[in-house]
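Presented below is the structure to which this report refers.
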Amino acid sequence: MKISEKWLREWVNPSVSSDELVEQLTMLGLEVDDVLPAAGEFTEVVVAKIVALEKHPDADKLNVCQVDIGCEENLQIVCGAPNARVGLVAPLAKIGAVLPGNFKIKKSKLRGMESFGMLCSNVELGLSDDHSGLLELPNNAPIGKDIREYFQLDDNIIDIDLTPNRADCFSLKGIAIDVACLNDLKIKSVEPKEVEISHNEHIEVKLSADKQCPRYLCRVINNIDNTKETPIWMQEKLRRSGIRSIHPVVDVTNYVMLEFGQPMHGFDKTTIKGAINVKMAKKDDKITLLDGKEITLNDSFLMIADEINYLAIAGIMGGENSGVTESTKNIVLESAYFDPATIMGKSRDIGVHTESALRFERGVDSQLQTQAMHRATELIIDICGGEVGPINEAKEEKYLPKQKNITLSKEKLKRVLGFEVPSQQVTDILTGLSMQVETQENTWQIKAPSSRFDIAIEEDLIEEVVRMVGYDKMPSENLVGQSVIIQLPEEHISHNNIKNQLCNLGYLEAINYSFVSEKLLNEFNMQEDSFALKNPLTEEFSIMRTSLLPGMMQTLNYNLRRQHDSIKMFETGNVFHKKTRVTEDDKIIAICTGIRNTEHWGMEKEKLDFFDCKGDLEKLLDSSKMNYDFTLSEYDFLHPGRQAQVCLKGELVGWIGQVHPEICRRMGIKKEVYAFELFMKKIQNSSLPSYETISKYPSVRRDLAMVIDAEVSYQNIANLIYNELGENLVDTIVFDEYKGDSIGKDKRSLAVGLVLQQKNATFEDKDVDKLIAKVVSSISEKLSIEIRGN
Amino acid sequence: MKNAIDNKVLEDIRVAYLGKKGTITSQLKLLGTLPANERKEAGIEINKAKGKLQQKIQEKRQILQAQELEKKLQLESIDITMPGRKNHGANIHPVTRTMQRIVTLFAGLGFEEKMGPEIEDDYHNFEALNFPSHHPARTMHDTFWFDDGHLLRTHTSPVQIRAMKNMNPPIKIIAPGRVYRSDSDQTHTPMFHQVEGLVVGESVTFASLKGVLNQFVNAFFEKDLKIRLRPSYFPFTEPSAEVDVEWKKEDGTTGWLEVLGCGMVHPNVLKSGGIDPEKYTGFAFGLGVERFAMLRYGVKDLRQFFENDITFLKQFK
């Protein structure tokens with residue numbers, strides 16, 4: 001809502017500066033977004049009239065004008081504006097004038113013709129960006145008068161960002177009430193003069209939808225001259241509120257809307273066939289609006305109709321066929337109350353946003369219609385003349401909003417605010433906000449004004465009180481009350497802990513969007529059980545991610561293309577699936593590529609591989625103290641021979657593997673990329689450390705060497721070893737793997753160190769020998785492997 | 001012995017005097033040939049010499065060992081300015097860092113961390129929070145919808161409802177998380193992070209809300225900053241306020257910067273959460289994590305948080 005400061009001060013004029021007034025508005029909750037001067041800075045611009053005009057002898061597009069500025073001699077001005085013509089009254093910047101942007105006007109020669117100043121458009125004076133030609137002033141504008149004075153331009157445009165609850169402040173009156181209350185002043189309200197009626201013609205009104213429109217006023221005004229110019233003062237006020245002047249009838253209805261907050265509408269009387277009927281639309285009916293847009297309706301639209309046609313979508317916009325133009329002589333003025341819930345959302349549905357819809361959907365004062373009608377009539381008659389008929393009012397009292405009775409108790413006021421407000425001050429504030437206040441011993445009985453749709457309960461009144469007291473004057477208190485120690489389950493590994501572990505392992509945290517493109521998801525063949533947004537911003541962010549991998553691969557690729565060769569990153573976040581219902585699972589992904597450590601003079605530069613990634617995963621899982629199983633898996637986004645699923649007690653925890661080289665190739669990634677993704681919840685359970693006596697006896701190490709076939713996994717061997725040694729085995733070290741022709745194709749040799757220790761005795765060599773022999777025979781029998789132990 | 005340059009020479013000397021056939025050993029052997037009255041004295045003298053020699057040798061040996069060690073250590077010297085072996089360095093995301101900081105500060109005041117789902121229903125995201133359907137306040141939230149009527153939560157406020165339903169007053173929770181709005185430009189990303197705070201109890205007042213937020217802002221920025229509460233509107237609080245912080249801009253001027261929204265929990269919201277508004281009051285606040293991170297670390301462009309450029313991320317060690 002943009003308003004002129006001068007106009008506001010006509011309603012209420014606190015003795016504070018412009019800056020202070022703006023600060024007051026903001027601190028009232030009427031947040032000022034911007035304050036702009038009503039016009040650019042300029043001097044020495046006066047009202048001038050073109051009295052003679054000739055074509056420039058040497059330039060097609062220029063005219064040489066003789067201009068009267070009220071001095072004895074006319075000035076010669078060379079001008080290129082298309083609307084320059086004899087009789088035109090327009091602003092003239094005299095020699096010595098300074099226009100916005102510090103543009104100085106000097107005597108000049110244009111193609112050999114002297115020019116003693118410049119005729120100006122809106123743009124040159126910083127009034128608007130309309131550069132269609134010279135600013136046309138009314139014919140009766142006083143020649144020679146300073147334009148700043150004539151337009152009263154020493155003013156500010158205050159742009160207020162209204163919150164949706166303050167429907168009442170879509171008017172000067174509403175804003176003025178707040179400012180007046182704060183400054184302990186009274187508003188100087190505009191009291192419309194009732195124009196005497198000169199005929200009895202009226203249009204019948206039927207409220208078929210009385211619930212949606214419980215009050216509808218209309219009045220016939222005949223024989224107006226709508227070709228008249230809207231007075232400059234009104235045009236300027238409208239302009240400063242961001243509304244363009246069209247013709248007097250539209251200008252007046254807009255003006256009254258700005259004054260009181262009542263949107264009104266004018267119909268061309270000759271287009272109305274019979275009575276007006278306010279009714280709901282029928283599905284698939286159509287109407288063409290004033291702006292030429294054709295709207296297909298449904299039964300939730302409230303319409304203004306006559307006996308044959310729709311005339312307007314109630315509260316939103318009039319129809320093209322019934323609109324008032326400059327040549328309209330006889331009009332029907334509408335002033336109505338429409339139920340906010342009926343109008344709400346409609347302008348969004350049809351993409352037609354109007355000042356009227358904005359006000360009706362938030363709530364227009366239901367007691368305002370008559371006053372607004374009188375005010376508009378008065379102004380139209382003043383400008384256009386005309387013969388006024390009686391006001392015809394149709395209403396359904398039972399559907400009009402009821403005035404709310406609210407009790408505010410002193411106890412509650414103190415309990416919510418936490419400090420005392422003197423009772424007299426409370427009474428003054430509520431009274432100042434146009435409420436009817438009945439003060440009792442411990443309460444105030446309040447009747448809220450019909451303009452305040454936002455006041456319904458006690459808390460709303462408390463806000464009004466503290467708003468006027470000033471949020472900045474409110475004391476700051478400490479939070480008191482029982483303090484409870486927060487539970488801290490020690491067996492639970494926190495998010496933060498897991499993140500820190502990954503950082504320590506060299507993984508940098510990323511945060512990717514939760515939605516990805518369908519194309520990307522398909523690339524990984526992860527579209528199963530995925531689901532899309534109904535209204536995505538772009539295709540790129542259209543589907544909820546089913547895995548953290550695709551987004552992370554994009555991030556990896558983004559960085560590979562920016563000269564980062566070795567990358568380790570992780571992310572935690574939700575993935576989303578929809579089977580019978582939507583599920584979201586918290587997951588963690590870590591991804592790595594490049595070399596094992598940072599490149600170093602004292603180390604071999606080695607590419608990191610599956611086992612670096614697995615090692616990191618094992619370290620991460622270590623704090624849970626659980627035994628996770630790794631088994632070969634069959635995910636098609638991973639390298640078929642380098643992937644595993646990670647399980648805990650038979651339940652899937654996640655996967656680890658090399659991202660399929662073909663996917664990498666299609667993304668333009670040449671490196672091997674390894675990753676693991678886990679369910680966060682399934683790695684967060686641990687157990688309390690539990691003390692065990694430390695063995696005083698030395699441990700013994702024995703090494704095994706074996707050659708195994710391709711289909712035998714280390715896990716097979718490890719299981720057999722554990723079966724034989726049980727608790728005596730305190731550590732297993734795989735210290736060598738060898739593949740080569742010397743041991744046969746598809747075979748490999750493994751060397752495993754076993755560390756044995758007993759809790760309560762020293763291991764005798766002969767006992768160790770026996771145990772190792774059992775291990776050797778178990779492995780060689782069950783896996784027919786050639787094995788040596790020593 | 002002075003010239004003994006190493007252990008071997010020293011050992012030769014020792015053998016020459018103290019060895020089986022050494023001079024002193026021989027002297028001792030000859031003691032028996034001396035007359036009995038001289039024997040004792042001579043014995044004392046020889047043993048004295050022997051002891052003295054042994055001591056000298058021992059001293060010399062220690063000197064030589066020390067010299068040797070020194071030589072060895074000298075050979076082992078390295079250029080300690082060469083870089084050490086290290087793994088890739090890493091850190092958490094600045095948004096996480098900021099979120100953890102905020103949560104930690106409130107945890108100190110007894111706030112318990114709570115999480116909620118990102119896919120919400122209309123009830124939790126709007127209705128229970130006192131947004132009537134079609135209400136213009138809903139247009140303040142550009143919502144991502146799904147076909148089945150679910151939505152991506154537009155704020156962390158739904159956690160308020162879930163917490164109140166599951167807990168009994170006094171309630172003090174802090175709820176960080178991802179939120180979504182269908183808006184994307186220089187100052188908006190379609191996904192961002194919020195932290196929601198909720199306190200419900202018997203003496204929870206608007207003045208205490210102001211006090212808590214004042215403390216929080218000062219603790220977060222580790223500065224004595226001026227804040228101001230300014231009337232505003234959220235359907236789920238009444239009275240409602242925006243909180244501005246007085247901030248020194250780059251050009252040296254100071255101005256008010258909006259950093260969070262807050263208010264007293266609306267009685268309808270308390271009722272949605274199963275709490276008696278006649279007995280309890282509550283306050284709630286919500287803040288944008290990226291906003292705080294930008295102010296704290298001087299990040300200029302919001303969108304950088306989600307580009308995940310390593311060079312950017314590594315600045316937040």
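Hydrogens, waters and symmetry mates are skipped; everything else that's a heavy atom, side chains included, is used.
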Which heavy atom in Thr26(A) sits nearest to a heavy atom in Pro231(B), and how many Å separate them? O-CD, 4.3 Å

Among Tyr513(A), Phe570(A), Phe541(A), Tyr558(A), the residue with the most heavy-atom pairs under 4.5 Å to chain B is Tyr513(A)

Against chain B, label Ala341(A) side chain, backbone, both or neither, depending on which of its atoms sit under 4.5 Å from a heavy atom there. neither

Counting only non-hydrogen atoms closer than 4.5 Å, does Ile486(A) touch chain B with its backbone (N, CA, C, O), its side chain (CB onward), both, or neither? side chain

Would you sort out whether Met544(A) and Phe146(B) count as a side chain to side chain contact (heavy atoms under 4.5 Å, CB included), showing the intermediate values? CA-CA 10 Å; Met544(A) 299 311 292; Phe146(B) 298 105; 3.7 Å; yes

We want to know whether Asn478(A) and Gln215(B) form a side-chain donor-acceptor pair, criterion being a heavy-atom distance below 3.5 angstrom. yes

What residue, out of Ser184(B), Pro117(B), Ser232(B), has the most heavy-atom pairs lying under 4.5 Å from chain A? Pro117(B)

With a 4.5 Å cut-off on side-chain heavy atoms, are Phe531(A) and Asp147(B) touching? no

Atom group of Gln100(B) that falls short of 4.5 Å from chain A, counting heavy atoms: side chain

Which atoms of Leu505(A) approach chain B - backbone, side chain, both or neither, heavy atom under 4.5 Å: backbone

Side chain / backbone / both / neither for His150(B) at chain A, heavy atoms under 4.5 Å: neither

Sort Phe316(B) into side chain, backbone, both or neither according to what part of it lies under 4.5 angstrom from a heavy atom of chain A. neither

So do the side chains of Thr205(B) and Lys414(A) get within less than 4.5 Å of each other, counting heavy atoms only? no

As an exercise: rank Asn512(A), Ile457(A), Ile462(A), Leu30(A) by heavy-atom pairs under 4.5 Å with chain B and give me the winner. Asn512(A)

Pick one of side chain, backbone, both or neither for Phe234(B), based on which atoms fall under 4.5 Å of a heavy atom in chain A. neither

Backbone of Asp309(B) reached by a side-chain donor or acceptor of His564(A) within 3.5 Å: no

Count the heavy-atom pairs under 4.5 Å between each of Glu477(A), Lys499(A), Arg467(A), Arg166(A) and chain B, then report the option with the highest count. Glu477(A)

Pro340(A) portion near chain B, given a 4.5 angstrom heavy-atom threshold: neither

Proximity breakdown for Arg415(A) and chain B, heavy-atom pairs closer than 4.5 Å: both

Is Asn91(B) in contact with chain A via its backbone, its side chain, both, or neither, using a 4.5 Å heavy-atom distance? both

Report which part of Glu571(A) has an atom under 4.5 Å of a heavy atom belonging to chain B: side chain, backbone, both, or neither. side chain

Rounded to the nearest 0.5 Å, what separates atom CD in Gln554(A) from atom CG in Asn308(B)? 10.5 Å

Counting neighbours of CD on Glu606(A) that are heavy atoms of other residues, nucleotides or ligands and sit closer than 6.0 Å, is the number greater than 12? yes

Under 4.5 Å from any heavy atom of chain A, what part of Glu242(B) do you find: side chain, backbone, both or neither? neither

Taking every non-hydrogen pair under 4.5 Å, which of Leu537(A), Ile511(A), Thr555(A), Thr598(A) racks up the most with chain B? Ile511(A)

Donor-acceptor pair, distance only, cut-off 3.5 Å: does the side chain of Asn559(A) make one with the backbone of Ile310(B)? yes

Max heavy-atom pairs within cutoff under 4.5 Å with chain A, candidates Phe111(B), Phe206(B), Trp256(B), Phe305(B), goes to Phe206(B)

At their closest point, which heavy atom of Phe576(A) faces which heavy atom of Glu118(B), and how far apart are they? CZ-OE1, 3.5 Å

Is there a side-chain contact between Leu152(B) and Leu533(A) in this structure, where contact means two heavy atoms from C-beta onward sitting under 4.5 Å apart? yes

So which part of Arg348(A) gets closer than 4.5 Å to some heavy atom of chain B, the side chain, the backbone, both or neither? side chain

Thr311(B) versus chain A, the contacting section by heavy-atom distance below 4.5 Å: both

With chain B, the option among Asn597(A), Asn496(A), Asn535(A), Thr572(A) that has the most non-hydrogen atom pairs under 4.5 Å is Asn535(A)

Looking only at heavy atoms, what is the nearest atom pair of Phe515(A) and Met191(B), with distance? CZ-CB, 4.5 Å

Indicate whether any N or O donor in one side chain lies under 3.5 Å from an N or O acceptor in the other, for Ser514(A) and Arg178(B). yes

Arg562(A), CZ atom: more than 12 neighbouring heavy atoms under 6.0 Å: yes

Supply the atom-to-atom distance Glu238(B) CD to Glu458(A) CD, rounded to the nearest 0.5 angstrom. 12.0 Å

Contact origin within Asp472(A) toward chain B - heavy atom pairs under 4.5 Å: backbone

Minimum heavy-atom separation for Ala90(B) to Gly506(A), with atom names? CB-C, 3.4 Å

Contacting moiety of Pro277(B), where chain A heavy atoms sit under 4.5 Å: backbone

Measure distances from Lys346(A) to the heavy atoms of chain B and classify the residue's part below 4.5 Å as side chain, backbone, both or neither. neither

Find the distance between CE (Met99(B)) and NE2 (His495(A)) and round it off to the nearest 0.5 Å. 9.0 Å

Can you tell which part of Pro170(B) gets under 4.5 Å to a heavy atom of chain A, answering side chain, backbone, both or neither? side chain

Sort Val466(A) into side chain, backbone, both or neither according to what part of it lies under 4.5 angstrom from a heavy atom of chain B. side chain

Looking only at heavy atoms, the pair that brings Ser208(B) and Leu479(A) closest together is OG-CD1, 4.0 Å

Region of Asp183(B) that comes under 4.5 Å of a non-hydrogen atom in chain A: backbone

Do Glu278(B) and Lys412(A) have side-chain heavy atoms sitting under 4.5 Å apart? yes

Apply salt bridge (Lys or Arg N to Asp or Glu O under 4.0 Å) to the pair Glu23(A) and Arg228(B), showing each step before the final yes or no. CA-CA 12 Å; Glu23(A) 173 78 8; Arg228(B) 76 171 184 194; 3.3 Å; yes

Is Val582(A) in contact with chain B via its backbone, its side chain, both, or neither, using a 4.5 Å heavy-atom distance? side chain

Specify the closest pair of heavy atoms between Lys210(B) and Ser476(A), including all atoms of both residues, with the distance to one decimal. CG-OG, 3.5 Å

Side-chain touch Thr237(B)/Glu463(A), heavy atoms, less than 4.5 angstrom: no

Non-hydrogen atoms of chain B under 4.5 Å away: do they reach the side chain of Glu459(A), the backbone, both or neither? both

For chain B, find which of Leu508(A), Asp586(A), Thr163(A) contributes the most heavy-atom pairs closer than 4.5 angstrom. Leu508(A)

Set of side chain to side chain donor-acceptor pair (under 3.5 Å) partners for His188(B), sequence neighbours left out: Asp185(B)

What are the residues of residues 260-269 of chain B, in order of number, with any heavy atom under 4.5 angstrom from a heavy atom of chain A? Met264(B), His266(B), Pro267(B)

If we only count heavy atoms from C-beta on, is the Glu509(A) to Leu313(B) side-chain gap below 4.5 Å? no

